[in-house]
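Have a look at the structure below, then the notes.
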Amino acid sequence: MPTVTMNVNGRQRSADIDPRTLLVQFLRENLRLTGTHVGCDTSQCGACVVHIDGEAVKACTTLALSCEGSNVLTIEGLANGNELHPMQEAFREHHGLQCGFCTPGMIMTAVDLVRRKGNNLDEKTIREELEGNLCRCTGYHNIVKAIAAGARNMSSMPQSKAAE
Amino acid sequence: MYAFTHHLASSVDDAVKTLGANGDAKFLAGGQTLLPTMKQRLAAPPHLIDLGKVKELRGIEVQGDKLVIKAMTRHYDVATSDAVKSFQPGLAELAGLIGDPAVRHRGTIGGSIANNDPAADYPAACLALGATIVTNKRRLEAEKFFTGLFSTALEDNEIVTSVEFPKADKFKYMKFRNPASRYAMVGVAVAKKGGEVRVAVTGAGSDGVFRWTAAEEKLTQNFDKRALEGLSIDPGTLNGDIHGSREYRAHLIGVMAKRAVAAA
Amino acid sequence: MGATGIGAAIPRKEDHRFITGKGRYVDDINRPGQAYAYFLRSPHAHAKINRIDTSAAQNAPGVVEVYTGDDIAADKVGGLICGWLIHSKDGSPMNAGPHPALAQGKVRYVGDHVAVVIADTLAQARDAAEKIEVDYEVLPAVIDLANAQSGAQIHDVAPNNVVYDWHLGDKAATDKAFASAKHVTKLQLVNNRLVPNPMEPRAAVGEYEEGTDSLVLYTTSQNPHVARLVLSAFIGLAPEHKFRVIAPDVGGGFGSKIFIYAEETICVWAARKIRRPVKWNCDRTEAFLCDAHGRDHVTHAELATDAEGKITGLRVSTKANLGAYLSTFASSVPTYLYVPLLSGQYNIPAIYGEVMALYTNTAPVDAYRGAGRPEATFVIERIVEMAARELNMDPAEFRRKNFVTQFPHQTPVIMCYDTGDYDASLKKAQEIHDIAGFASRKAKSESQGKLRGLGYSAYIEACGIAPSAAVGSLGAGVGLWESAEVRVNPIGTVEILTGSHSHGQGHETTFAQLVSDRLGIPIDNVSIVHGDTDKVQMGMGTYGSRSGAVGMSAIFKALDKIEVKAKKVAAHVLEASEGDIEFKDGKFAVKGTDKNADWGTIALQAYIAHKFNGQELEPGLKESAFWDPTNFTFPAGVHICELEVDPATGSTTIEKWTAVDDFGNLINPMIVEGQVHGGIAQGVGQALLEGAIYNEDGQLITASFMDYCMPRAHDVPSYQVGMTTTPCPSNPLGIKGCGEAGAIASPPAVINALTNALGHENLQMPATPERVWKAAQGARLRMAAE
């Protein structure tokens with residue numbers, strides 16, 4: 001079996017894997033980072049969104065072997081120790097989650113959205129940018145509110161952290 | 001997925017060589033269509049040649065009056081590229097309408113056109129703009145490249161290396177999404193270069209992307225949405241499914257074409 | 001109200017683990033030595049199985065075992081059950097065909113379970129499943145309700161594929177009302193078939209503990225005790241005391257995780273066979289094929305009105321598709337959860353409803369968010385809207401004229417509405433929505449070539465699915481109370497063990513708010529334990545918007561007992577008589593003195609038992625209670641949908657949504673509003689986007705998110721949510737229930753708005769762009785003429 005090595009949440013991780021291992025399987029099964037979820041087979045629900053080299057991708061539609069040498073950030077690596085990332089805090093504050101299953105993907109997508117579109121996000125932009133993330137519980141109302149608030153609060157973060 | 005052997009290509013030559021040695025191999029570009037297909041066991045390539053680390057296949061360049069987008073350039077890169085935005089803003093917009101933000105971070109132009117999904121967006125742009133598809137072997141006009149549903153003129157041991165877009169005076173793509181999949185149920189690209197107008201339609205044709213020559217003739221005479229009034233397309237040449245009948249798609253092609261012309 | 005007590009909109013206690021990726025769902029659980037199950041499913045909608053050859057699969061790499069229906073028959077594994085017995089008009093019991101966990105001799109829908117392969121890895125199990133050879137003799141498939149009675153017979157016990165032919169109400173009185181009606185409004189509708197699609201697919205890990213000869217099942221369940229009861233008492237896998245069912249964090253349910261399915265059954269059965277844990281995780285397409293679907297009615301309804309515009313009668317005839325097998329509560333949904341709600345918020349003297357339930361070669365249909373009540377609300381709110389239009393009355397005024405205003409109100413179809421103020425919700429909704437501004441908003445839309453419409457839905461629902469004796473008399477196989485245990489620890493922290501299950505509803509917060517409020521202790525000192533049959537005494541679980549009204553009432557009742565006991569302890573500690581002890585804000589005080597002791601002191605004293613005689617007063621502080629209410633609860637409200645249609649494409653954009661609900665008293669308004677938001681989105685999904693479609697061969701065309709359209713963020717607007725309050729008299733907290741209201745209220749609001757925009761009633765759900773485009777053709781002509 002081939003070996004893959006990547007940096008996950010700041011730690012160098014390596015494993016021998018079946019080539020068909022998806023990034024999400026590598027994270028969940030090899031590394032036991034079970035915060036990244038699988039909610040569909042067709043790359044649409046977004047429960048599996050993580051960052052590769054700072055950009056949001058669907059970990060269910062990426063081979064682990066394709067991530068050789070990459071930097072991967074998952075929901076488990078987003079907080080700064082015990083200090084929640086402003087986007088995590090905003091989801092809690094604004095009740096942007098119910099069952100919690102889509103939440104890691106939503107938060108990772110939202111952080112990426114701020115990277116691309118800045119800290120002042122209007123409702124229309126947020127809704128359009130959530131194209132690739134499904135939630136069945138919240139009706140999106142509070143997710144939209146949370147992302148707008150989280151984006152604003154991210155402006156006071158140190159630049160290096162915000163970029164992650 | 002069925003089991004396969006993974007080859008991480010280091011260069012175009014390396015990729016082609018690996019393909020030569022494994023005739024039943026498939027290239028893995030961004031994987032945004034291929035991987036879901038493999039996950040559902042609808043494709044079973046025994047070898048995958050991963051192009052993700054081939055640096056020479058990435059990049060966007062304006063070369064005089066043409067825009068060159070290398071095959072492994074991602075939709076996100078095209079959508080946000082200043083070079084594309086100033087050369088042909090409608091093309092950047094089109095790239096920004098493909099899939100969703102996360103998909104655009106992986107999906108590539110080469111992967112999209114080599115797959116030639118009948119509901120993909122890029123093929124419409126290639127046809128409307130008269131793009132040239134460059135491979136490791138030759139240069140092909142877009143019209144000769146796209147040969148039908150999920151099929152292209154690509155031969156064995158051939159790989160798309162870049163797509164060259166000539167500059168058009170006006171270019172606009174209007175997409176009516178399939179409500180579920182978000183692919184194009186109908187996408188119409190309209191390009192005007194000098195006196196020539198091209199209209200390409202994706203998402204609807206029963207044989208994949210096609211040019212709507214009747215509309216081109218009308219618009220060549222008068223580049224105005226009113227020129228398309230009364231013009232209709234034969235639903236018999238279109239694809240119908242649970243999301244939209246042929247008749248509805250035929251109607252939408254007219255609406256999207258008019259809107260594209262108005263916004264171009 | 002304290003900062004964290006009843007009525008406080010505080011953030012949720014459970015959120016921290018979810019936002020940091022530390023939730024623990026079933027698929028996150030891995031047991032040492034586990035093997036993986038993969039189910040071979042029927043590719044045919046209806047076929048005889050002549051032969052299954054598993055030998056090649058059996059010998060494939062990594063395969064532990066391959067099982068078929070013969071194996072479960074040999075082990076005498078019981079079939080899956082339907083726990084609600086319905087009797088037909090003629091008094092005969094419903095025709096329930098056998099429902100084996102693995103097919104025996106016949107498959108009845110695409111996705112039906114033919115065999116299971118258990119292997120060291122999932123990939124190996126899936127690879128091996130392709131090596132199983134099945135000799136099918138394909139039979140004609142029955143897909144449409146319209147042809148179900150004349151199609152091939154699916155179950156031997158059910159001639160003409162009829163499960164039951166049931167009715168409720170006074171037919172003669174209703175016919176009389178129609179005979180003397182001034183006006184009759186007629187409505188023919190399809191209530192589209194939906195797939196619940198919680199974001200977490202179902203999953204299971206079965207485990208056998210050889211030392212104790214007992215079973216453990218980790219499962220995505222809304223009601224682990226019910227699962228254990230069924231798997232134990234009916235399917236017969238192990239007695240309950242040797243069977244532990246754990247439903248940890250569950251990623252949404254919406255009804256689909258109430259039921260006891262084949263896959264979970266097989267995992268835990270097979271774990272004992274192979275002496276290894278067996279894990280199964282559903283992929284999304286399997287979920288589409290095999291999770292119980294919802295709705296799927298064809299209905300003809302008629303509404304009689306008199307010369308004054310008063311409703312005098314309602315007659316409804318429905319065909320309900322129950323799929324290929326009767327799922328766990330399938331039979332109750334189109335009967336007692338449906339017809340008794342047809343009276344809506346209206347005073348209707350005569351109602352008659354008849355329902356024919358039919359088998360088809362499609363996935364089983366059972367409860368999905370609202371279960372019967374959305375179907376009823378769609379009938380009554382569409383036909384009331386149409387009647388108003390036909391009578392040239394304002395739809396809001398027509399409703400107002402017919403509202404029930406005196407409570408209690410006995411409807412002609414079982415329900416006795418306990419309390420409500422329907423006009424208050426309507427008024428408030430109209431204010432919030434700015435109804436007065438609609439005309440100018442419509443004019444603006446029209447100036448831009450768009451159609452604009454506004455639609456009301458004044459819904460009522462019945463929550464709690466209790467009292468037990470009442471549901472028992474209607475055919476329920478179980479009692480529908482709820483239980484709670486309050487464990488006070490010696491240092492005064494509290495654990496609440498509840499039979500309710502939280503899979504997104506926020507019980508860990510809401511329930512803790514009640515306890516914090518009642519005992520005067522910090523909310524962080526309260527933990528809510530649920531979802532484990534070894535920890536929680538008993539429970540009926542979460543569905544029917546019952547966890548607040550029934551589940552919390554059980555906690556309330558147990559807290560009453562705690563208070564009584566704690567006062568006895570306090571009396572000894574404070575050397576006063578029990579009757580003089582007052583308990584308030586976490587302090588026990590002796591009436592008229594300054595003598596007092598705090599909560600923690602009394603908790604500790606209860607356990608060290610130094611200050612009282614252990615023979616007269618038992619040490620410890622732990623009480624339990626079962627709560628069985630006296631009535632259903634009746635949340636009600638008014639939703640207003642305002643939308644715009646692009647007649648050129650048929651695209652519909654919801655521009656404005658107002659919801660005013662009366663849920664009785666609220667514990668955490670933030671969580672309640674969140675429930676409303678989510679319900680509305682699902683209802684909008686039903687109205688505009690979602691529909692499960694089988695082709696004539698019984699293949700599910702919409703078997704992934706590529707073809708089944710889920711609501712996305714840009715499909716819905718921000719919602720304006722308001723509340724009115726009439727406390728519920730049938731439980732101590734005055735709670736009514738809020739979990740399903742949005743999904744119940746919203747579909748008719750959307751369709752009423754769309755038909756208002758289009759100017760005619762000819763539009764079925766889901767109102768997809770193509771359907772709306774076609775329906776808009778007439779409207780465009782009308783606009784042009786105007």
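Chain A is the first sequence line, chain B the second, and so forth, proteins listed ahead of strands; every chain is numbered from 1.
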Next on the checklist: Taking salt bridge (charged side-chain N to carboxylate O under 4.0 Å, His left out) as the cut-off, I'd like each qualifying pair that reaches into residues 242-255 of chain B, sequence neighbours left out, listed once.
Outcome noted: B/Asp241-B/Arg249
Checklist entry - Taking B/Arg182 for the side chain and C/Met706 for the main chain, is one N or O donor matched with an acceptor at less than 3.5 Å? => result no
Next on the checklist: If I measure from the heavy atoms of chain C, does B/Met185 come under 4.5 Å with its side chain, its backbone, both, or neither?
Outcome noted: neither
Item to check | Distance (rounded to the nearest 0.5 Å) between B/Ser245 OG and C/Arg771 CZ | outcome: 11.5 Å
Checklist outcome for this item: Applying a strict 4.5 Å limit to non-hydrogen atoms, the region of C/Ser704 in contact with chain B is neither
Checklist entry - Can a salt bridge be assigned to the pair B/Asp100 and C/Arg712 using a cut-off of 4.0 Å between side-chain N and carboxylate O? => result no
Checklist entry - Does the B/His251 side chain pair with the main chain of C/Ala648, one donor and one acceptor, at a distance under 3.5 Å? => result yes
Checklist entry - Going by residue number, which parts of residues 689-699 of chain C are within reach of chain B, meaning a heavy-atom gap below 4.5 Å? => result C/Ile693
Item to check | Pairwise side-chain contact, B/Phe176 with C/Pro769, heavy-atom cut-off 4.5 Å (strictly under) | outcome: yes
Next on the checklist: Evaluate B/Lys39 against C/Asp283 for side chain to side chain contact (heavy atoms under 4.5 Å, CB included), listing each step before the verdict.
Outcome noted: CA-CA 11 Å; B/Lys39 280 160 67 178; C/Asp283 67 31; over 6 Å; no
Item to check | Rounded distance [0.5 Å steps], OG1 in C/Thr702 versus CD1 in B/Ile242 | outcome: 6.0 Å
Checklist entry - Which bit of C/Arg126 is near chain B, if near means a heavy-atom gap under 4.5 Å: side chain, backbone, both or neither? => result both
Item to check | Under 4.5 Å from a heavy atom of chain B, the part of C/Thr649 involved | outcome: both
Checklist entry - Does B/Lys192 NZ have over 12 foreign heavy atoms under 6.0 Å away? => result yes
Checklist entry - Side chain, backbone, both or neither: which part of B/Tyr248 has a non-hydrogen atom closer than 4.5 Å to chain C? => result both
Next on the checklist: Do C/Trp773 and B/Leu252 have side chains that approach each other closer than 4.5 Å (heavy atoms only, starting at C-beta)?
Outcome noted: no
Checklist entry - Got a sec: does the NZ of C/Lys131 have more than 12 other heavy atoms crowding it under 6.0 Å? => result no
Checklist entry - Between B/Lys258, B/Met256, B/Arg41, B/Gln40, which residue shows the highest count of heavy-atom pairs closer than 4.5 Å to chain C? => result B/Arg41
Checklist entry - Taking 4.0 angstrom as the limit, do C/Asp646 and B/Arg259 come out as a salt bridge? => result yes
Item to check | Over 12 non-hydrogen atoms of neighbours within 6.0 angstrom of CZ in B/Arg226 | outcome: no
